[in-house]
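Atom set for the values below is all heavy atoms of this structure, side chains included, hydrogens, waters and symmetry mates excluded. All values derive from a computational prediction rather than experimental measurement.
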Amino acid sequence: MKRYWEIDALRGLMLVLMTVTHLPTRLTDPLGQPFGFVSAAEGFVLLSAFVAGLVYSRIGYVRGVESMRVAFWRRVVKVYLCQAAILLFLFTVIAALGLHIDQPAVKNLVSYYLAEPRDGFFFGLLLIYEPALLDILPMYIFFMLMSPWVLAFAMRHGWTLVMVASVGVWAAAQFGVSEWIYGLAVHYLHIPVPFHEMGAFNTYAWQFLWFAGLCIGATRNGPEARPLRFPWWLLVLAAGIALYGVYWRHTGINGQAPFGGDVELNLLFDKWQLGPLRLVNLVALGILAVRFGPWLMRRIPRLHWLEAMGSASLPVFCAHLVAVLLVLAFYGDSQTARPWWGDGLLLLAVFAGMYFVARFTRAADVPPPADDMPTAPAKA
């Protein structure tokens, strides 16, 4: 199956931007959400879903739906083991360093675990307790577990019903469905983990982004797949929205908070809830990327180091988390703890480490081609 180096390069860019955002340096704020009120997390989730739809639907078409499910589950196991390893690293090495140095940033990060170590450890492995920075992979695992059933349904009945349901769940998330479900879980299952310790991302909202990317990727393998085309008026509208978003983000007096202290209006652009205006900004950028991205890629040199990181996105993502946790343990979360040259050396060292991990693990993180997947045994 053809590998899209452009997608790998874009995923590598998203990893770089996430690293700059998560590492506390003087570049954190200027380079946070550089393309408007959209972060690297949205791009990374959307691209990962696109690749999943492209790869696993191909397995489903060639080897059958059961083989597709097996391939998804293999990936889920790999991602879960990575999440468990990072959790253990956080609860042991980082927590010990934070307590020894008396580092507030670390103690705040694992406050629930320090207060309730047994529950923190147990519910952390169950992906219910999700400390900050470690809440992306659990969401990814949940989406991957749902994806084979959704893909199988869409391959038989089309994507319309799937996307209508996804939009409905996203809309419900804007009105507090996650808090309502949490209340039911506490009442009937007696879950002790506080709501704010269950990850910043609203999974019920972000599932829309995942299934939209899965739909786009899967339909590229469909028997009647056609190149995506947009009318000129939509391109003009998208360009206007995208340019104004960049202008507002970088010239507005409130920076990454578009409406300053107005909490209600900021929810329209909220990252964790995937607010409606944030989606508008993301869709505008996506339309421009689809239309002009191939043209741009043909005119710039191939950035092989970004491709390498994007093609090994899971281990590179884990490596960036390890680096960020170590920096928090030794320096705290102050963005001015080092001089400019110190920030430059730190970023250079972290990116070099991420590239080394990419080169070392690149072959191990490549999904299997459809023809290499064993055909699932027929059920009686």
Side-chain angles (χ1 to χ4, degrees), residues 3-35 39-48 51 75 78-90 93-94 97 105-106 109 131-141 300-333 335 337-338 340-367:
R3 188 170 189 99
Y4 292 89
W5 65 267
E6 301 94 338
I7 299 298
D8 286 337
L10 282 174
R11 285 206 294 181
L13 176 62
M14 297 302 110
L15 287 165
V16 167
L17 291 175
M18 277 194 286
T19 303
V20 174
T21 300
H22 292 157
L23 277 177
T25 71
R26 287 174 171 81
L27 293 176
T28 299
D29 285 337
L31 293 183
Q33 303 189 139
F35 305 118
S39 72
E42 288 94 323
F44 189 75
V45 169
L46 190 60
L47 289 168
S48 297
V51 172
R75 183 67 173 176
K78 184 183 293 187
V79 176
Y80 177 80
L81 291 175
C82 289
Q83 173 72 5
I86 297 173
L87 270 175
L88 292 176
F89 178 71
L90 173 63
V93 175
I94 299 300
L97 283 172
V106 171
L109 182 64
L133 299 176
L134 276 73
D135 50 0
I136 297 181
L137 291 184
M139 184 171 65
Y140 183 84
I141 290 171
I300 62 174
R302 287 183 62 171
L303 302 175
H304 294 284
W305 62 281
L306 278 181
E307 292 176 41
M309 289 199 289
S311 64
S313 57
L314 177 59
V316 171
F317 179 83
C318 295
H320 117 273
L321 284 180
V322 170
V324 171
L325 292 175
L326 287 172
V327 171
L328 289 176
F330 286 106
Y331 290 102
D333 55 7
Q335 298 178 8
R338 295 162 301 277
W340 275 103
W341 62 265
D343 284 347
L345 288 177
L346 175 65
L347 287 167
L348 183 63
V350 170
F351 289 144
M354 291 166 61
Y355 178 70
F356 173 79
V357 169
R359 297 292 296 179
F360 184 74
T361 63
R362 191 173 184 178
D365 198 42
V366 174

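- Note: F356 and F360 have parallel aromatic rings, judged against thresholds of 30 and 60 degrees for the angle between ring planes.
- Tested against C318 for a side-chain contact (heavy atoms from CB on, under 4.5 Å), the candidates L137, V357, V79 yield a single pass: L137.
- The two residues L328 and A105 come nearest to each other via the heavy atoms O-CB, 4.3 Å.
- Side-chain contact between L90 and L109: present, with at least one pair of heavy atoms (C-beta onward) separated by less than 4.5 Å.
- The shortest heavy-atom contact between L326 and F89 is CD2-CZ, 3.9 Å.
- A308 and A358 get closest at one heavy-atom pair: O-CB, 3.5 Å.
- Atom CD1 of residue I7 and atom OG of residue S311 lie 13.0 Å apart, to the nearest 0.5 angstrom.
- Just one residue in the list V20, T25, T21 forms a side-chain contact (heavy atoms from CB on, under 4.5 Å) with L31, and that residue is V20.
- In this structure, the side chains of H22 and T28 stay at 4.5 Å or more apart for every pair of heavy atoms.
- W5 places none of its side-chain heavy atoms less than 4.5 Å from the side chain of L303.
- Expressed to the nearest 0.5 Å, how far CE of M354 lies from CZ of R359 amounts to 15.0 Å.
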side-chain contact (heavy atoms from CB on, under 4.5 Å) evaluation trace for D343 with L27: CA-CA 8 Å; D343 284 347; L27 293 176; over 6 Å; no

Stepwise side-chain contact (heavy atoms from CB on, under 4.5 Å) check, Q33 with L17: CA-CA 8 Å; Q33 303 189 139; L17 291 175; over 6 Å; no

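- Side-chain contact between L23 and V350 is present, with at least one heavy-atom pair separated by less than 4.5 Å.
- The number of heavy atoms from other shown groups lying within 6.0 Å of CZ (F44) is above 12.
- Between F317 and T19 there is no side-chain heavy-atom pair separated by less than 4.5 Å.
- For the residue pair M14 and L47, the shortest heavy atom distance occurs at CG-CD1, 4.1 Å.
- Between V16 and H320, every side-chain heavy-atom pair lies at or beyond the 4.5 Å cut-off.
- A distance of 11.5 Å separates CE of M18 from CG of L133, quoted to the nearest 0.5 Å.
- The shortest side-chain heavy-atom distance between L87 and L134 falls under the 4.5 Å cut-off.
- To the nearest 0.5 Å, the span separating CD1 on I141 from CZ on R75 amounts to 10.5 Å.
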Working for side-chain contact (heavy atoms from CB on, under 4.5 Å), residues L321 and I136: CA-CA 11 Å; L321 284 180; I136 297 181; over 6 Å; no

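- The heavy-atom pair separating P24 from G332 by the smallest distance is CG-O, 3.5 Å.
- Across all non-hydrogen atoms, the minimal contact from L15 to M309 is CD1-O, 3.5 Å.
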